[in-house]
Student: 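This is the structure I have questions about; it appears just below.
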Amino acid sequence: MPPLGVLYMAANIRKHGFSVSLIDAEGARLAQEEITARICELAPKILGITATTLSIHKAGALAEAVKQCLPETCIVAGGPHATALPMETLKQFKAIDAVIIGEGEHSILQLAQNVMAGRGPGEDIDGVAWRVGENLFHSPCQGFLQDLDSLPMPAWDLLEGFPKDYRPPFHSYRRLPVANIITSRGCPGACTFCDRSVSGRKVRYHSVDYVLKMIEHLATVYGIREFSIKDDMFITPKSRVLDFCRELKRRNLDITWSCNARVNSVNEELLRTMKDAGCWMISYGIESGSEQMLKKMMKGVTKEQIVKALTMSREHGIVSKGFFMIGIPGETEQSMRDTLDFLKSIPLDEMNVNFFTPFPGSKLYEEVIAEGHRPDFPSMSMQSITYVPKGLNAPLMKKYQKEMIISFYVTPPKILLYLKRALTDVHECKRLWRSFKLFVNMQLCFNKD
Ligand code: B12
Ligand code: SF4
């Protein structure tokens, strides 16, 4: 999927007169030697690299390789990992000259102005950590961007192969081409496993007008037919979502879309209007069927609210997807069994269960570090077990994961539901066929393990 944060930053720097090139190494599936060769050929004055915790080692290795051929280039890292652990990132990866902490649109511009003027990269800019020789410096935190509409639209035109070479996971789209968009930033939730260091707890919104311009632009210039709305908090405030849906429908753009929501933020009117405006799937972060684990995660939702949201979604013909997580500190065999039982009892259409992964920036990261856990960043993908709670073991956690998946999907009512859905819509039929193939592959992997 296109790296939106980078596209926003590129658009903003370009607007201010800088020339920008963009390489989506992951999207283009480039090996590190190929990325390095391309960068060395471009010979930029500043190289920005984005990274999550999973990819920070690759970012560090890339910085190292580029430094060999371009010793004068200022190498800047940003994104969730560098934001959560700025000083550690500089200490660990010596080829990285500076780290931008938080949202990068303004800071990278100011940093570029500093570098072009021969000043230190972080001088007089909030939210930067940088090195001068052996010394590390850290400026005060920057605030969050308030006026999101003042940002130019993401620079999709700089993205080689967009949209044809981009697509989300097989089961999460109905039509192609798909684009991911963000209509707001921040989430007031307090979930203890979640890293919100970049966008914080206060939600800031693009106006409905901005969002529709973005959608219209993507639909007309790139032929986008489906949108995956990636906001943490898309569904509130309700009046904004209702306005968005009505205006989207009025413009008659022939598009479909999906989004994320919290179970306690949907209601009948919202779901009806969303469905009417082309929404076909909502992903809910359900996480657990154990009241105790839900409390520990500080999800702020009850099992009753989960059931109610799923029941309403089904009644309105919107596919519901649930994300589950096993293995947070305090998880026991009993709590995993509770989740398994809960999963069997709820009117949920699709699900995914990952292993808890202690990401820097989350509350539980602090807790497990205090317990003595040493994280292994390159393996922190949520699909492998990197943390095992006291009293559990990895094979048992895997056994429950497998059982949850099989007992959820392989039941006559579920199969009947999918067959019925497949018959009503050709796009849904193709999606379910892709999902089925994925499911079979997953089973083969499980059996290999
Ligand atoms: C969409 C999404 C995805 C998509 C697409 C990612 C993409 N290409 O952008 C997919 C599904 C592929 C994905 C995958 C994963 N994701 Co994800 N994803 C998101 C999500 C929901 C939105 C990202 C987004 O568009 N944000 C909006 C833009 C504007 O913000 P941004 O990308 O952070 O960029 C800003 C700043 O970070 C900064 N910045 C970023 N890069 C740089 C670089 C420089 C040089 C500078 C100066 C600044 C800078 O400036 C940007 C503009 O303000 C975020 C949650 C969130 N709300 O951000 C999680 C999130 C980024 N994902 C997360 C995780 C854990 C994963 C996975 C590990 C999940 C998995 N099971 O596989 C993988 C890792 C993929 C990888 N290889 O690294 C975590 C990261 C936590 C961490 N500490 O690493 C997040 C924060 C969710 C969370 N709260 O836990 N993800
Ligand atoms: S998991 Fe979702 S609801 Fe919870 S804090 Fe993170 S973004 Fe918000």
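Start at 1 and go down the list; that is how both ligands and their atoms are numbered.
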Student: Using a 4.0 Å heavy-atom cut-off, say whether C191 meets ligand 2 through its side chain, its backbone, both or neither.
Tutor: both
Student: Side chain, backbone, both or neither: which part of R196 has a heavy atom under 4.0 Å from ligand 2?
Tutor: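 R196 to ligand 2: side-chain contact only, backbone stays beyond 4.0 Å.
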Student: When you compare the side chains of T256 and R175, does any donor N or O come within less than 3.5 Å of an acceptor on the partner?
Tutor: yes
Student: Please determine if R434 forms a cation-pi arrangement with Y173, meaning its NZ or CZ atom is less than 6.0 Å from the six-membered ring centre and no more than 45° off the ring axis.
Tutor: yes
Student: Tell me, which protein residue and heavy-atom name are nearest atom 3 (S) of ligand 2, and how many Å apart are they?
Tutor: R262 NH1, 3.2 Å
Student: Does the protein put a heavy atom less than 4.0 Å from atom 6 (Fe) of ligand 2?
Tutor: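 Within 4.0 Å: yes, protein heavy atom nearby.
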Student: Within the 4.0 Å heavy-atom shell around G189, which atoms of ligand 2 are there?
Tutor: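 Heavy-atom distances to G189 below 4.0 Å select 5 (S).
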Student: Using a strict cut-off of less than 4.0 Å between a Lys/Arg side-chain nitrogen and an Asp/Glu carboxylate oxygen, indicate whether R38 and E41 qualify as a salt bridge.
Tutor: no
Student: A quick test of your reading: do over 12 heavy atoms of other residues, nucleotides or ligands sit less than 6.0 Å from NZ of K94?
Tutor: yes
Student: Would you call D338 and K303 a salt bridge, taking side-chain N to carboxylate O under 4.0 Å as the test?
Tutor: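 Answer for the salt bridge query: no.
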Student: Considering only heavy atoms of F193, which atoms of ligand 2 have at least one such atom less than 4.0 Å away?
Tutor: 1 (S)
Student: Give a yes or no answer on whether the side chain of T339 reaches the backbone of S335 with a donor-acceptor pair at less than 3.5 Å.
Tutor: yes
Student: What does the list of residues with a heavy atom under 4.0 Å from ligand 1 look like, ordered by chain and number?
Tutor: M1, P2, P3, L4, G5, M9, E26, G48, I49, T50, T52, T53, L54, S55, V76, G78, G79, P80, I100, G102, E103, G104, E105, I108, I182, R185, C194, D195, V198, K230, D232, F359, P360, S381, M382, Q383
Student: What are the atoms of ligand 2, with element, lying closer than 4.0 Å to any heavy atom of D232?
Tutor: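 Selected atoms, number and element: 7 (S).
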Student: Taking R196 for its side chain and G189 for its backbone only, find out whether a donor-acceptor pair lies under 3.5 Å.
Tutor: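 Yes; judged by distance alone, with no hydrogens or angles, the pair exists.
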Student: Taking the ring of W156 and the ring of Y166, is the distance between their centroids below 6.0 Å?
Tutor: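 No, too far apart.
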Student: Looking at K308 and E304, is there a salt bridge between them, counting it only when a charged N and a carboxylate O are closer than 4.0 Å?
Tutor: no
Student: Among protein heavy atoms, which sits nearest to atom 8 (Fe) of ligand 2, and what does the distance come to when rounded to 0.1 Å?
Tutor: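 Atom 8 (Fe) of ligand 2 sits closest to the protein heavy atom C187 SG, 2.3 Å.
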Student: Is it true that E226 and R431 have a side-chain N and a carboxylate O under 4.0 angstrom from each other?
Tutor: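 No salt bridge links E226 with R431.
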